[in-house]
2 protein chains.
Amino acid sequence: MRTSTDRRRGYASGDARRERILHIATQEFAEHGYRGTSLARVAERAGLSQPGLLHHFRTKEQLLVAVLELRDQRDMERFFADEAAGGLDLLTALVRVVEHNSRTPELVRLFVVLTSEAVTADHPAQDWARARYERLRAWVADALRRAAGAGEVRPGLDADATAARIIALMDGLQTQWLLDPDAIDMPALFRAHIDELLATLRPRA
Amino acid sequence: MRTSTDRRRGYASGDARRERILHIATQEFAEHGYRGTSLARVAERAGLSQPGLLHHFRTKEQLLVAVLELRDQRDMERFFADEAAGGLDLLTALVRVVEHNSRTPELVRLFVVLTSEAVTADHPAQDWARARYERLRAWVADALRRAAGAGEVRPGLDADATAARIIALMDGLQTQWLLDPDAIDMPALFRAHIDELLATLRPRA
DNA sequence: GTCTATATAGCGATAGAC
DNA sequence: GTCTATCGCTATATAGAC
């Protein structure tokens, strides 16, 4: 929460501190989950006291929400800066996303941990997780439908089902990969799936 | 921990109580994860005090281990009683597993929650989760290799990669399904994947 | 085998001074 | 905006009586 005094002064230090807190909180939530993360530890690593931290984020839950919002925003920027992939190009763009993910395990861990923690009772990230999946599925399904409309795809494809399965595969591979990175070549496995999918999707393939 | 006194008396009540504790602990771990579960609540629901609970399981971690061991054992019994599926029959058997899972959401939740919680730092279920995936992958991959040896499958199949992808899909669908059961028809989506896989696998398909 | 009582520690959040 | 001090609560685990 910025005050008008901050704003008059340019609020540089306030925003920098806020950013730093969010950065560290992201790491801690990824490492220990929401329940396993302690505000005192986040505060200590950010170089302020625990009540000092709660001056910027009134509750632990608000800190989590801020972390999730920042991540969603950054991911969107990253993807749409890459390209506005319509139709089947989206699938090869997703392969690049997975390749990028394999270089940032801590962010992958954040999503895996929080998404699954969210299926427990009364978890503050529940609505976020549900909405995120809905958005992802709709996004992939729409691209498939556009591809079908453009004749890139043989008719009879169930776009929603295919979208759900692509996302499920991405997620499932992430968990196996985080637990045993040497045994699981996540990008190769995902690429193989997309390649096979494209082979069956294309008309007269 | 049974004592010799229990054993002489037939230890009926002791074992029954132990079973009851494990049953309730399974539900609690599924609902709240390991970190979110309180021994006091498990004890209360089991009808004894919290130190009374710790008489049967010396630590919270040992209670978790006992729950996981019991689940693994029950699942094995269930599957191998169903049939000893070798070769490609295993894949249709997996479809039946997913159908069964869709009728026991709480057990699915247990695995989803604990497996993902296990990717956090210093989690007591980490070794269990890693070993379980290794076992599952080897099991599916071996069946695929047997199918290839019997000529059921066209040559050139990467059994390990295919196994990892099948399991990843099962897992990813579970998460989406738990968050939004009405939007995700988990068994149908998994069956569709297996059907397509079988179509590409069979020689001259 | 189970209890009460308690040790010990950590948690999130608030009050109020500066 | 940040601090110290503290409240109120919950947690796991132990001691010792019965």
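In what follows, every chain begins at residue 1, and chains take the letters A, B, ... in the order their sequences are listed.
- In terms of phosphate contacts, A/Arg17 brings a side-chain nitrogen or oxygen within less than 4.0 Å of OP1 or OP2 of D/dT2.
- Side chain of B/Thr59, nearest nucleotide from D/dC3, D/dA13, C/dC3: D/dA13.
- Of the options A/Leu53, A/Leu39, A/Val65, a side-chain contact (heavy atoms from CB on, under 4.5 Å) to A/Lys60 is made by A/Leu39 and by none of the others.
- Residues passing the salt bridge (Lys or Arg N to Asp or Glu O under 4.0 Å) test with A/Asp142 are A/Arg145, sequence neighbours excluded.
- Distances from the side chain of B/Leu54 to the nucleotides D/dT2, D/dT14, C/dT2 place D/dT14 closest.
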Scan nucleotides 6-11 of chain D against the protein and return all N/O pairs shorter than 3.5 Å with their distances rounded to 0.1 Å.
{"unit_1": "D/dA11", "atom_1": "OP1", "unit_2": "B/Ser38", "atom_2": "OG", "d": "3.4"}

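- At whole-Å resolution of the value, CZ in A/Phe57 and P in D/dT2 are 12 Å apart.
- Applying the side chain to side chain contact (heavy atoms under 4.5 Å, CB included) criterion to B/Ser49, with sequence neighbours excluded, gives B/Pro51.
- Regarding contacts with the backbone of C/dT2, a side-chain N or O of B/His56 is found under 4.0 angstrom from either OP1 or OP2.
- Look at NE2 on B/His55: it is 15 Å from C1' on D/dA13, rounded to the nearest Å.
- The distance between atom CG of B/Leu64 and atom C1' of D/dA13, rounded to the nearest whole Å, is 17 Å.
- Within the structure, a side-chain polar atom (N or O) of A/Ser49 is placed less than 4.0 Å from OP1 or OP2 of D/dC3.
- Residue pairs meeting the salt bridge (Lys or Arg N to Asp or Glu O under 4.0 Å) criterion with at least one partner in residues 187-196 of chain A, sequence neighbours excluded, are A/Glu99-A/Arg191, A/Glu196-B/Arg165.
- Note on ring orientation: taking the six-membered ring where Trp is involved, the planes of B/Trp128 and B/Phe111 are parallel (angle under 30°, cut-offs 30° and 60°).
- Pairs of residues two or more places apart, or lying in two chains, never qualify as salt bridge (Lys or Arg N to Asp or Glu O under 4.0 Å) while including a residue from residues 166-176 of chain A.
- With rounding to whole Å, A/Leu48 atom CG is found 11 Å from D/dT4 atom P.
- Taking B/Ala30 as the reference, B/Glu106, B/Arg109, B/Leu110 meet the side chain to side chain contact (heavy atoms under 4.5 Å, CB included) condition, with sequence neighbours excluded.
- To the nearest angstrom, C1' of C/dG10 lies 17 Å from CZ of A/Arg35.
- Here the P atom of nucleotide C/dT4 and the CG atom of B/Leu53 are 14 Å apart, to the nearest Å.
- One interatomic measurement links the two molecules: CD of A/Glu28 to P of C/dC11, which rounds to 11 Å at whole-angstrom precision.
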